[in-house]
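Below is one structure, written out as structure tokens, with a few remarks after it.
Heavy-atom basis, side chains included; hydrogens, waters and symmetry copies ignored. The structure displayed is predicted, hence computed values, not measured ones.
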Amino acid sequence: MNFLTPWALLLSVAAAVPLLLHLLRRRTGDRVEFPALRYLLRAEREHAREVRLRNLLLLLVRIAMVLAVAGALARPVGPFPGVGHPPTALAIVLDNSASSAAVVGGSTILEAEKRAARDVLAAASDADRLSLVTMDGEVRSGSPDALRTALDALRPMDGAGDLAAALRRAEAAVAAAALPESRVVVLSDGQRSALAATVADSGSVPRSLYVVPGARPANRGIASVRLEPPYWNPRGALRAQLIGDSVAWRVEVAGRSVARGRSTDGVVLARVQDLPRGWHAGSVELDADDYRGDDRRYFAVHVGDAPGLTADAASPFLREAVATLVTSSRARAGGQVFIGSALRARRPAVLFAPADPLEITAANRALARAGVPWQFGLKRQGPAPLRGASVDGATATQWFSLTPLDGARADTIARVGSDAWAVAGEDYVLVASAADAGATDLTVRAAFVPWIDLLVSERLGAAEGRALEVAAAARVTVPTGVDALEFPDGESRPVAATAQIAAPSVAGVYFWRRGAARVGAIVVNAEARESELAMMPADSVAAALDAPRGESTPESLARAAFAAGGRRALDTPLLLLALVLVVAESWLARRGHAARSAD
């Protein structure tokens, strides 16, 4: 047994007061016989035994009354029989990820989770400390009524969220309450794709689990959307990969329908033209099914001139690649992006290492002048396979190690063995091999021209910026020169260039702005795994969440949430006992007074 306010036990010292008064009353002075009182003394002797018993009872009742009040104020908690539960810090982790929008048994999974949460809140007492944690990491704390109001306003996220982070925040919330009992209640849809990678050690906080039952619906949805090419000039095409069987689709760009049809092979190919120049928001939408979370997918497209490329005259492979892109209208001849040797480094550019190791020093000086924060290092020799987008299957026979300088921030887009072979930073792509067949066979493969096209489109794009697809609430870096983020409703909110911010949690297209101009976009869509609605076996869900096998009904979940191993609070029973003792003391005192009056 423990006490919530142990200092109150000091009040039990007050039990000595009635004992002291009782002892003081027993003190008598010298007895002097008085004839007129002999009758009274005889009567007192006749009732002495009854009086002593009554006084002893009064003493015991008064001591017990003080001890009961002190004990109640100390708020003891222990394994007592009876009803109720001890004050409990309880956090409800509610899975409102995109998949919770699936309809099961006539209502969404999220609504079923809300009903279970309300049952748990109904079993709470005023002494409990309650919190509600959702997949976006938001923590709401307050009374049961406040949390019911929060539940009413809750909607599915447009993404998977972070279950492990939500559990950590729930545990922090119950720890901050500093109550003798704590518990985390997890309400889940049991989604296999979401829980497969979850490792959620419960630590010292026990968990109760409820998985919404019922067969998950068959799902049709959009797995991905790709623009071909990434920048339209002004013509372009959209290719979407679907999940499920035959379904009608529609494409909207800039608020107007530009294509529609029906897919029977799981692919949408829509060709679009005659769009005005500039950045536009678009979406692909399917006919509704029982899971709306992936029936619409957003994209952003820039309509304008193709990027202007200029190739290094010294490299026949690069000259041929640029000529092919210009002929196919994927690019135009111009000086916007340089494709060539690092000896002539500038930005934006795709820069290759020189073939001659004696030219490495000069190449490093050129990189420094161009502001590329990387240097070439030691010469390496292969052959060794390349790994990365569009280079798999190619090999490198000669390359130079790439060394970042202080402050270098870049993505490694291809590797040779464990070394970086190609890195992409702001306005540059640096390749560790020379652009000739003696350094890598990529230059003579069919994949070489598409790879150059991919680098230009996705990494160097154009001065107009790029579109980046992210998950809801993901961290993104504000591009250089950007001063605001434009929301779908047209509102612009200030942002600081190069700062890290959280992407919006609602799916849609958000444009970066520099003054009045759109200079890029972030596109928020749910992760592809949210389209996989299949459930994980119950035992596996319990293992993934480090919880006992889930409760079968919301009612049993509510009981389990506050079970606490039979422990209960004793403050209320002690107060009731004190009240009974007050009544008993009053009755005994009145009876004694009545007896003395009769004598």
Side-chain angles (χ1 to χ4, degrees), residues 229-230 307 309-312 314-315 317-322 324-325 330-331 337-357 359-360 363-364 366-368 370-405 407-461 466 468:
L309 305 185
T310 182
D312 192 334
S315 172
F317 297 101
L318 297 181
R319 292 200 311 271
E320 185 64 26
V322 170
T324 302
L325 291 173
R330 306 296 295 257
V337 179
F338 174 66
I339 315 292
S341 170
L343 290 168
R344 287 167 284 282
R346 60 185 177 87
R347 299 164 64 187
V350 179
L351 302 171
F352 291 82
D356 188 349
E359 296 178 325
I360 287 297
N364 285 336
L367 290 174
V372 177
W374 290 79
Q375 297 280 276
F376 294 112
L378 298 176
K379 177 184 175 182
R380 311 287 189 187
Q381 288 187 313
L386 298 178
R387 293 181 289 109
S390 301
V391 300
D392 285 339
T395 59
T397 52
Q398 177 179 297
W399 68 95
F400 298 90
S401 60
L402 296 177
T403 304
L405 302 182
R409 292 196 305 177
D411 299 328
T412 299
I413 58 177
R415 290 185 177 277
V416 51
S418 60
D419 296 336
W421 186 75
V423 296
E426 187 174 352
D427 294 337
Y428 67 87
V429 174
L430 185 62
V431 183
S433 295
D436 64 52
T440 173
D441 64 358
L442 178 64
T443 55
V444 295
R445 287 174 172 264
F448 184 59
V449 173
W451 185 63
I452 295 293
D453 186 23
L454 183 70
L455 296 181
V456 172
S457 299
E458 295 191 351
R459 295 292 177 172
L460 307 175
R466 294 187 287 273
L468 176 66

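Here the side chain of D411 pairs no donor or acceptor atom with the backbone of I413 at under 3.5 angstrom. Proximity of a side-chain donor or acceptor of T397 to a complementary backbone N or O of G382 within less than 3.5 Å is not detected. Judged purely by atom type and a 3.5 angstrom limit, T310 has no side-chain atom pairing as donor or acceptor with the backbone of F338.
Across all non-hydrogen atoms, the minimal contact from R346 to L351 is O-CD1, 4.2 Å. In plain terms, the two heavy atoms of T440 and A434 that are nearest each other are CG2-O, 3.7 Å. Across every non-hydrogen atom of A432 and A420, the tightest pair is CB-O, 4.3 Å. Taking all atoms of both residues into account, the shortest heavy-atom contact from L455 to V429 is CD1-CG1, 4.0 Å. The two residues R445 and A394 have their closest heavy-atom pair at NE-CA, 3.5 Å. For the pair A435 and S315, the tightest heavy-atom approach, listed with the atom from each and the gap, is O-OG, 3.5 Å.
T443 meets the side-chain hydrogen bond (donor to acceptor under 3.5 Å, both in side chains) test with no other residue; sequence neighbours excluded. In this structure, the side-chain contact (heavy atoms from CB on, under 4.5 Å) partners of D392, at least two apart in sequence or on a different chain, are R387.
Expressed to the nearest 0.5 Å, how far CZ of F317 lies from CG of L442 amounts to 10.5 Å. With values rounded to the nearest 0.5 angstrom, I452 atom CD1 is found 12.5 Å from E320 atom CD. Atom CZ of F400 and atom CD1 of I360 lie 4.0 Å apart (nearest 0.5 Å).
Aromatic ring orientation, F448 versus F352: tilted (interplanar angle from 30° to 60°).
V350 has its side chain out of reach of L318: every pair of non-hydrogen atoms, C-beta onward, lies at least 4.5 Å apart. Put simply, the side chain of W421 does not reach to within 4.5 Å of the side chain of L402, judged on heavy atoms. A heavy-atom distance below 4.5 Å is not found between the side chains of W399 and V431.
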Q: I would like to know whether D312 and L343 meet side-chain contact (heavy atoms from CB on, under 4.5 Å); could you show each step before the answer?
A: CA-CA 10 Å; D312 192 334; L343 290 168; over 6 Å; no
In a table with atom names and distances, give each donor-acceptor pair under 3.5 Å that connects a side chain of residues 370-381 to protein atoms at least two apart or in another chain.
from, atom 1, to, atom 2, distance (Å)
W374, NE1, Y428, OH, 3.1
Q375, NE2, N364, O, 3.1

